[in-house]
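Notes to accompany the following structure.
Quick note: numbers below take in every heavy atom, side chains included, and nothing from hydrogens, waters or symmetry partners.
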Amino acid sequence: MNLFELPEEEKDSVKKTLLENEIVFEKKKIKQYESKYFELVTISNILIKFFLFFSLGVYVVINLVGVVLSILYSSNITNPFMDIVGLCIICFIISAIFMNVNTNKKKEDSIIYVNDNHFIFNFCDGVVETPTLYYMLPYDSIQKIEFIIHSVRKKQIFGSVTFTFTVLGYEVTHTIRYTNLTGIEELLKDKFPSLLPNLFQDGKNKTHTEKIKDKKKIRCICGSFAIFALSIGVILVPYFLKYHCVACIIASVILMITASVVFLSPFLYTYHLVQGSIVSGIFILIGICVPCFLIESSQMSFLEYVIQNNSALLITIFGIVGVCLYAYILPIIVGKAVFMLKRK
């Protein structure tokens with residue numbers, strides 16, 4: 001059983017036992033180590049954070065212009081002020097979320113140290129990491145090491161790594177979301193060659209033909225066909241009804257892109273992007289396609305509609321966030337595909 005799945009009382013009891021046996025120890029700073037690996041801050045994280053805040057600024061400007069036009073040219077004075085309140089609330093929430101994108105180069109999350117024949121992992125209770133508590137584990141407690149490749153730079157492979165180890169008969173996992181996988185693999189080859197049979201890269205063992213059971217493959221393929229069918233339906237239904245709608249065309253394209261990402265995930269081993277791509281697609285449908293559909297259905301010009309219904313602009317934040325997420329996801333998909341083609 002995984003340690004994280006235990007009830008709180010039993011988990012606290014195990015934690016106490018680990019501390020008593022010094023498997024888990026408390027220390028504010030570890031000074032002696034041979035190797036250290038931690039989550040890297042990437043240029044993509046910095047760019048996406050900048051782009052998100054830039055887009056938020058554009059969103060604010062668009063909505064404020066809508067409010068001003070509504071005040072100047074519409075007799076309805078109450079709604080614009082309510083819209084400003086709504087805009088402030090949305091900006092506060094979105095800013096709080098965006099601030100969590102890690103672009104602080106001094107911050108080191110999910111640290112792994114190597115000291116003698118031991119791995120030192122940051123202790124986690126399944127909810128939050130405790131920066132002063134660490135596991136001290138012999139190398140043979142490591143049961144499995146899983147690499148998921150995200151990109152290749154200067155012949156160095158980068159991506160996420162998950163260590164699965166056993167503590168007092170319980171299974172525990174420790175993940176670094178983005179780090180130098182080449183450095184970790186070289187460490188294993190030089191210092192812990194007996195762990196190489198436990199190393200999996202994109203679901204496949206590097207030294208044997210063993211594979212991690214791929215339960216998600218059929219589900220992703222079926223899901224991609226369902227999304228693709230929906231994208232075709234979004235185009236064909238208005239066509240047969242002789243209704244020309246730009247919003248439907250945009251929606252169909254977004255759904256096709258989402259279906260492609262979901263379909264490729266089992267082959268590129270990019271399952272971690274499936275949920276994000278679906279959420280991004282839904283956000284774009286809500287934040288871009290819905291306002292476009294409302295404006296087209298009203299048979300008004302864009303400015304006329306905004307003057308009379310400026311509150312419709314508030315939901316465009318979903319579209320902006322969706323586009324930003326796709327700008328992050330699609331380059332990873334392309335880069336992974338190029339890497340796998342070159343490797344073959």
Are [X] and [Y] connected in the hydrophobic side-chain network, where two residues link if heavy atoms are under 4.5 Å apart?
| X | Y | result |
| --- | --- | --- |
| V58 | I286 | yes |
| I235 | F240 | no |
| V246 | I257 | yes |
| I90 | F54 | yes |
| I254 | L236 | no |

When you measure from the side chain of [X] to the backbone of [Y], do you find a donor-acceptor pair of N or O atoms at a distance under 3.5 Å?
| X | Y | result |
| --- | --- | --- |
| N180 | T182 | yes |
| S160 | Y178 | no |
| S141 | P138 | yes |
| Q156 | R153 | no |
| S297 | L294 | no |
| Q143 | T166 | no |
| S252 | I249 | no |
| T17 | S13 | yes |
| T162 | H174 | no |
| N63 | L87 | no |

To the nearest 0.5 Å, what is the distance between [atom1] ([X]) and [atom2] ([Y])?
| X | Y | atom1 | atom2 | value |
| --- | --- | --- | --- | --- |
| L199 | L188 | CG | CG | 6.5 Å |
| Y37 | L181 | OH | CG | 10.5 Å |
| I288 | L285 | CD1 | CG | 9.0 Å |
| L255 | C289 | CG | SG | 8.0 Å |
| F318 | Y59 | CZ | OH | 8.5 Å |
| T179 | F147 | OG1 | CZ | 9.0 Å |

Taking the side chain as every heavy atom from C-beta outward, state whether [X] and [Y] have any pair of such atoms under 4.5 Å apart.
| X | Y | value |
| --- | --- | --- |
| L52 | I94 | no |
| L196 | K189 | yes |
| P291 | T316 | yes |
| T164 | I142 | no |
| L19 | L133 | yes |
| L230 | F225 | no |
| E146 | Q201 | no |
| T173 | K144 | no |

Nearest atoms (heavy-atom pairs only) where [X] meets [Y]:
| X | Y | result |
| --- | --- | --- |
| G66 | L313 | CA-CD1, 4.1 Å |
| H150 | H272 | NE2-NE2, 3.2 Å |
| F200 | N205 | CD2-N, 3.5 Å |
| P193 | P197 | O-CD, 3.8 Å |
| C220 | V262 | O-CG1, 3.2 Å |
| I112 | I176 | CD1-CD1, 3.7 Å |

Worksheet item: With a distance cut-off below 6.0 Å to the six-membered ring centre and an angular limit of 45° from the axis, does K216 pair with Y271 as a cation-pi contact?
Response: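 So K216 does make the cation-pi contact.
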Answer yes or no: are there more than 12 heavy-atom neighbours, outside [X] itself, under 6.0 Å from its atom [atom1]?
| X | atom1 | result |
| --- | --- | --- |
| F158 | CZ | yes |
| F267 | CZ | yes |
| K191 | NZ | yes |
| E20 | CD | yes |
| I218 | CD1 | no |

Near-ring test [Y]/[X], centroid separation under 6.0 angstrom:
| X | Y | answer |
| --- | --- | --- |
| Y239 | Y243 | no |
| Y139 | H118 | no |
| F263 | F228 | no |
| F121 | F165 | yes |

Worksheet item: How are the rings of F123 and Y135 set relative to one another: parallel (under 30°), tilted (30 to 60°) or perpendicular (over 60°)?
Response: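 Geometry flag for Y135 against F123: tilted rings.
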For a quick test of your reading: what N or O donor-acceptor pairs under 3.5 Å do the side chains of residues 322-337 make, sequence neighbours left out?
residue	atom	partner	partner atom	Å
Y326	OH	T258	OG1	2.3
Y326	OH	S277	O	3.3
K336	NZ	I149	O	3.0
K336	NZ	D202	OD1	3.4
K336	NZ	D202	OD2	3.3
K336	NZ	L268	O	2.7
K336	NZ	Y269	O	3.4

Worksheet item: Please walk me through it: do F119 and L195 pass side-chain contact (heavy atoms from CB on, under 4.5 Å)?
Response: CA-CA 12 Å; F119 284 85; L195 290 178; 4.1 Å; yes
